[in-house]
Amino acid sequence: MTAPFHPASAPDYVPAPHLRDLQLRKLQEVVNRAWNRVQLFRQRMDERGLTPGNIQTLADITTLPFTVKTDLRDTYPFGLFASPMQEVVRLHASSGTTGKPIVVAYTQQDLEVWTSVMVRSFAACGVNHGDVVQNAYGYGLFTGGLGAHYGAEEMGATVIPISGGNSDRQIMVMRDFGVTVICSTPSYFLHLIERAAQLDVDIRELPLRVGLFGAEPWTQSMRQRIEKLTAIQAFDLYGLSEIIGPGVAIECPEKDGLHIFEDHFYPEIIDPETGQPLPDGQEGELVLTTLSKMAMPMIRYRTRDITSLIPGQCACGRTIRRMSRIGRRSDDMLIIRGVNVFPSQVEAALLEAEGTLPHYQIILTRMHGLDQMEVQVEVTPQVFSDKIGALEELNEKLNDALERVLGIRVRVTLVEPHTIQRSEGKAKRVIDRRSQ
Ligand code: DLL
């Protein structure tokens, strides 16, 4: 599939030497801004004996201090702002799982940049004016809703700001309003697919053709399931509140990695243990520096997301670099009886098998001091209504598949469709009852 060229995508094709020049100039500016205006950054530069003048080449970025999530919490709510409140026109916040939320700020110019990267994201997926976009990302403090909204609107598409939830209404709107593009978390879209079937709506017969899915990890197998069930093109959209929200990186029709909007976000990959930079192609933690942010510049922000920068140029012709899809975070690793387990490995193993539904949950408990891991997975009604042998056979198959992937034996429980709680936003894959 190739998408017609959209003029907003022009910066995606800037020759690399020009892009590097632009990045260096913008890096120098943003470091200057943060140094002059953000006390924590100034202090960390002082400790290293650095001033903005030390940034002479792009490679010098590695001398700069990292910023981490706790820096945002420790300076809650406004401690990292580089603009006075009079210039801040929007605040968003992300709750996270523990403690205080983190607060992020935007000037008018920051919002314009955000909108422009979302326009480029939609364009890369072949969306254009004339499309009808159902935006099922949550509106509110979460960046997903408004981020996608302004991008789609700026592009001239018709936006339906439906937000997450109320699935029956989502299906009605999708069918009656001629929706061609859906934006949501992949897990919520799976729920919509399922609900549509219950309501006798066949998504394959609707004009829906493209989905921009993100805000949570999802696997290639999950994409295949979605595309098979709905006959749409499913694209991976990446972003995080600290950097801007959705629109940091997007897949193109090649679906061979996500293009990072490098003219605004400078990527590095580091070894999460040592903090040392890693070469292209090697997997590590993604570190991002905002090159354009005014209200809240982030210098070398450690995302905790694990990926690699893909060497070479994409067949689509874009010059901006790509990263591989984010399957996991360095902090979602579970250690089960000494073995490292990632939920994405579980997802991939489960979805390989016929008869499973893409709804699963991992439940951790502790018995006699030993960690136990149970994987609950829904199976199709057919498997459930078949004779008992079919269930046992599938159970055995999944057990073996998981053992092969994880290296340990875990308990698989097959459950009926709709047993696992659905989420309207990010899915909760792991329930940890070990401390209860
Ligand atoms: O989730 C922004 C967003 C909204 C992205 C809508 C895409 C679409 P936060 O709530 O701050 O922001 O969460 C950011 O979510 O560090 C990743 O761990 C994860 N994440 C986001 N997109 C993806 C993706 C939004 N495409 C955190 N694949 C990030 C995997 C993702 N993980």
Side-chain angles (χ1 to χ4, degrees), residues 69 90-104 114 118 121 133-152 159-171 173-174 179 181-196 208 210-219 222-223 225-226 230 232 234-250 303-305 325-329 331-332 343-344 347 357-362 378 418-432:
K69 195 166 206 134
R90 177 96 64 79
L91 298 177
H92 279 280
S94 131
S95 54
T97 42
T98 49
K100 288 189 207 132
I102 55 152
V103 182
V104 296
W114 191 10
M118 275 311 300
S121 302
V133 179
Q134 178 162 352
N135 186 13
Y137 283 123
Y139 280 66
L141 289 179
F142 176 54
T143 53
L146 289 180
H149 180 103
Y150 284 106
V159 187
I160 308 169
I162 193 162
S163 195
N166 199 339
S167 305
D168 288 9
R169 192 178 55 181
Q170 301 264 2
I171 306 296
V173 162
M174 191 184 289
V179 168
V181 180
I182 177 98
C183 299
S184 80
T185 57
S187 58
Y188 187 54
F189 186 60
L190 281 165
H191 174 50
L192 292 181
I193 296 175
E194 187 177 60
R195 188 66 195 137
L208 189 69
V210 169
L212 277 76
F213 302 114
E216 63 185 8
W218 55 308
T219 55
M222 188 70 98
R223 188 217 305 273
R225 280 285 171 107
I226 290 177
T230 61
I232 70 167
F235 294 96
D236 195 357
L237 168 65
Y238 171 77
L240 62 166
S241 320
E242 297 88 318
I243 297 302
I244 203 149
V248 171
I250 185 71
T303 64
R304 297 278 163 198
D305 293 322
R325 67 191 295 137
I326 292 184
R328 58 191 176 92
R329 290 175 56 82
D331 51 7
D332 71 4
S344 56
E347 178 175 306
L357 292 171
H359 302 282
Y360 66 94
Q361 205 154 45
I362 298 167
E378 291 184 7
H418 313 293
T419 314
I420 292 164
Q421 205 187 342
R422 305 291 189 257
S423 133
E424 294 168 3
K426 302 185 190 232
K428 189 165 171 50
R429 298 294 188 200
V430 181
I431 302 202
D432 194 344

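Note that the structure is predicted; figures quoted are calculated from it, not measured.
Closest heavy-atom contact between Tyr139 and Ile162: CE1-N, 4.5 Å. Closest approach of Pro246 to Gly147, counting heavy atoms only: CG-CA, 4.2 Å. Taking each heavy atom of Ala152 and Val159 in turn, the nearest pair found is CB-CG2, 3.6 Å. Nearest approach of Phe142 to Ala215, heavy atoms of both residues: CZ-CB, 4.0 Å. Minimum interatomic distance between Gly211 and Ile232 (heavy atoms only, all atoms of both residues): N-CD1, 3.9 Å. Looking at every heavy atom in both residues, Ser187 comes nearest to Glu216 through OG-OE2, 2.7 Å.
Remark: the backbone N or O of Ala234 is paired with a side-chain donor or acceptor of Arg223 at under 3.5 angstrom. Gln421 places no side-chain N or O within 3.5 Å of a backbone atom of Ala427 that could act as its donor or acceptor partner. Checked by atom type and distance alone, the side chain of Gln134 never pairs as donor or acceptor with a backbone atom of Val173 at under 3.5 Å. In terms of modelled atom types and a separation under 3.5 Å, the side chain of Thr185 and the main chain of Lys426 share no donor-acceptor contact. No donor-acceptor pair closer than 3.5 Å links the side chain of Ser121 to the backbone N or O of Gly247. A donor-acceptor pair under 3.5 Å is absent between the side-chain atoms of Gln361 and the main chain of Ile431, judged by distance alone. A side-chain donor-acceptor contact under 3.5 Å links Glu378 to the backbone of Ile420.
How far CE of Met174 is from CD1 of Ile182: 4.0 Å, rounded to the nearest 0.5 Å. In this structure, CZ in Phe189 is found 6.5 Å from CD1 in Ile226, a value given to the nearest 0.5 Å. Taken from NE2 in His359 to CG in Leu190, the straight-line distance is 5.5 Å, to the nearest 0.5 Å. Considering OG of Ser163 and OH of Tyr137, their distance stands at 12.5 Å, rounded to 0.5 Å.
The salt bridge (charged side-chain N to carboxylate O under 4.0 Å, His left out) search around Arg195 returns Asp168, not counting sequence neighbours. Residues satisfying the side chain to side chain contact (heavy atoms under 4.5 Å, CB included) test with Leu91, not counting sequence neighbours, are Phe78, Phe81, Met85, Val88, Val103, Ala105. Looking at residues two or more places apart in sequence or on another chain, you find no salt bridge (charged side-chain N to carboxylate O under 4.0 Å, His left out) involving Glu424. In this structure Arg304 satisfies the salt bridge (charged side-chain N to carboxylate O under 4.0 Å, His left out) test with no other residue, sequence neighbours excluded. Remark: His92 engages Tyr106, Trp114 in a ring-ring contact (aromatic ring centres under 6.0 Å, His included) (not counting sequence neighbours). Evaluation of the side-chain hydrogen bond (donor to acceptor under 3.5 Å, both in side chains) rule for Arg225 yields Thr356 as partners, not counting sequence neighbours. In this view, Ser241 and Ser94, Val104, Thr143 satisfy the side chain to side chain contact (heavy atoms under 4.5 Å, CB included) rule, not counting sequence neighbours. Judged as a side chain to side chain contact (heavy atoms under 4.5 Å, CB included), and not counting sequence neighbours, Ser423 has no contacts. Partners of Glu347 by side-chain hydrogen bond (donor to acceptor under 3.5 Å, both in side chains), not counting sequence neighbours, listed by chain and number: Thr219, Tyr360. With sequence neighbours left out, the ring-ring contact (aromatic ring centres under 6.0 Å, His included) criterion links Trp218 to Phe213. Evaluation of the salt bridge (charged side-chain N to carboxylate O under 4.0 Å, His left out) rule for Asp305 yields Arg329 as partners, not counting sequence neighbours.
Using a 4.5 Å cut-off on side-chain heavy atoms (C-beta onward), Leu240 and Thr303 make contact. Within the 4.5 Å cutoff, the side chain of Leu192 has heavy atoms near those of the Ser167 side chain. Side chains of Arg328 and Pro217 form no contact here, defined as non-hydrogen atoms less than 4.5 Å apart. A heavy-atom distance below 4.5 Å is found between the side chains of Ile250 and Leu212.
Identified under the salt bridge (Lys or Arg N to Asp or Glu O under 4.0 Å) test for residues 133-145, with sequence neighbours left out: none.
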**OP:** Check the pair Asp332, Arg429 against side-chain contact (heavy atoms from CB on, under 4.5 Å), reporting the backbone distance first and the verdict last.
**Re:** CA-CA 10 Å; Asp332 71 4; Arg429 298 294 188 200; over 6 Å; no

